[in-house]
Amino acid sequence: MHFVYADGETDRRVWTFERDGEDRWIGRANDVEGPVAARQAGHVFNMTYRLPVEVSGRELTFTLDDWMYLQPGRSSA
């Protein structure tokens with residue numbers, strides 16, 4: 001994923017996933033705390049993870065609850 005913030009700063013997060021059961025995955029990204037448990041249900045993919053972010057010279061850790069939905073007929077590009 002590529003991010004562009006309001007102040008013009010950019011960032012990139014690359015996820016890798018390994019299957020951990022029929023509808024379960026373990027994900028990793030370079031800037032995310034530890035391995036991330038993810039679930040898939042049909043066209044829905046969900047993962048909750050902690051993301052440390054530097055803000056005004058100090059580190060804050062956010063908990064994110066990502067939901068992704070496959071949209072029929074759409075390119076993945």
Side-chain angles (χ1 to χ4, degrees):
M1 294 182 199
H2 292 274
F3 301 92
V4 179
Y5 300 98
D7 65 359
E9 183 179 342
T10 62
D11 201 359
R12 181 173 184 232
R13 180 171 305 120
V14 177
W15 285 96
T16 58
F17 291 94
E18 298 174 35
R19 189 176 288 276
D20 189 40
E22 185 175 331
D23 297 326
R24 298 182 186 277
W25 300 83
I26 300 294
R28 290 177 177 77
N30 61 327
D31 58 348
V32 171
E33 286 186 359
V36 175
R39 291 202 65 186
Q40 176 185 353
H43 68 283
V44 179
F45 189 80
N46 173 247
M47 58 186 176
T48 303
Y49 56 94
R50 295 174 50 84
L51 178 69
V53 176
E54 187 175 319
V55 177
S56 300
R58 61 181 221 186
E59 188 173 283
L60 301 175
T61 300
F62 295 92
T63 300
L64 296 138
D65 186 17
D66 276 348
W67 290 84
M68 293 168 258
Y69 300 86
L70 179 63
Q71 300 295 309
R74 307 257 333 234
S75 168
S76 63

Only distances under 3.5 Å count here; give the side-chain donor-acceptor pairs of residues 32-46 to other protein atoms, sequence neighbours excluded, each with its distance to 0.1 Å.
{"from": "Glu33", "atom 1": "OE1", "to": "Arg50", "atom 2": "NE", "distance (Å)": "3.0"}
{"from": "Gln40", "atom 1": "OE1", "to": "Trp25", "atom 2": "NE1", "distance (Å)": "3.1"}
{"from": "Asn46", "atom 1": "ND2", "to": "Asp65", "atom 2": "OD1", "distance (Å)": "2.9"}
{"from": "Asn46", "atom 1": "ND2", "to": "Asp66", "atom 2": "O", "distance (Å)": "2.8"}

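- In this structure, CZ on Phe17 lies 10.5 Å from CZ on Arg28, to the nearest 0.5 angstrom.
- Taken together through direct or relayed side-chain contacts under 4.5 Å among Ile, Leu, Val, Met, Phe, Trp and Tyr, Phe3 and Leu60 form part of one hydrophobic cluster.
- Every residue two or more places apart in sequence or in another chain that forms a side-chain hydrogen bond (donor to acceptor under 3.5 Å, both in side chains) with Asp31 is listed here: Arg13.
- The cluster map of Ile, Leu, Val, Met, Phe, Trp and Tyr, joined by side-chain heavy atoms under 4.5 Å apart, puts Tyr69 and Met47 in different clusters.
- The side-chain hydrogen bond (donor to acceptor under 3.5 Å, both in side chains) contacts involving residues 53-62 comprise nothing, where partners must be two or more places apart or lie in separate chains.
- Atom CG of residue Asp11 and atom OH of residue Tyr5 lie 4.5 Å apart, to the nearest 0.5 angstrom.
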Next item on the list: In sequence, state the C-alpha distance, the side-chain angles, and the governing distance for Phe62 and Val53, and then conclude on side chain to side chain contact (heavy atoms under 4.5 Å, CB included).
Entry: CA-CA 7 Å; Phe62 295 92; Val53 176; 3.9 Å; yes

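- Hydrophobic clustering of Ile, Leu, Val, Met, Phe, Trp and Tyr side chains at less than 4.5 Å, counting indirect connections, keeps Val14 apart from Met68.
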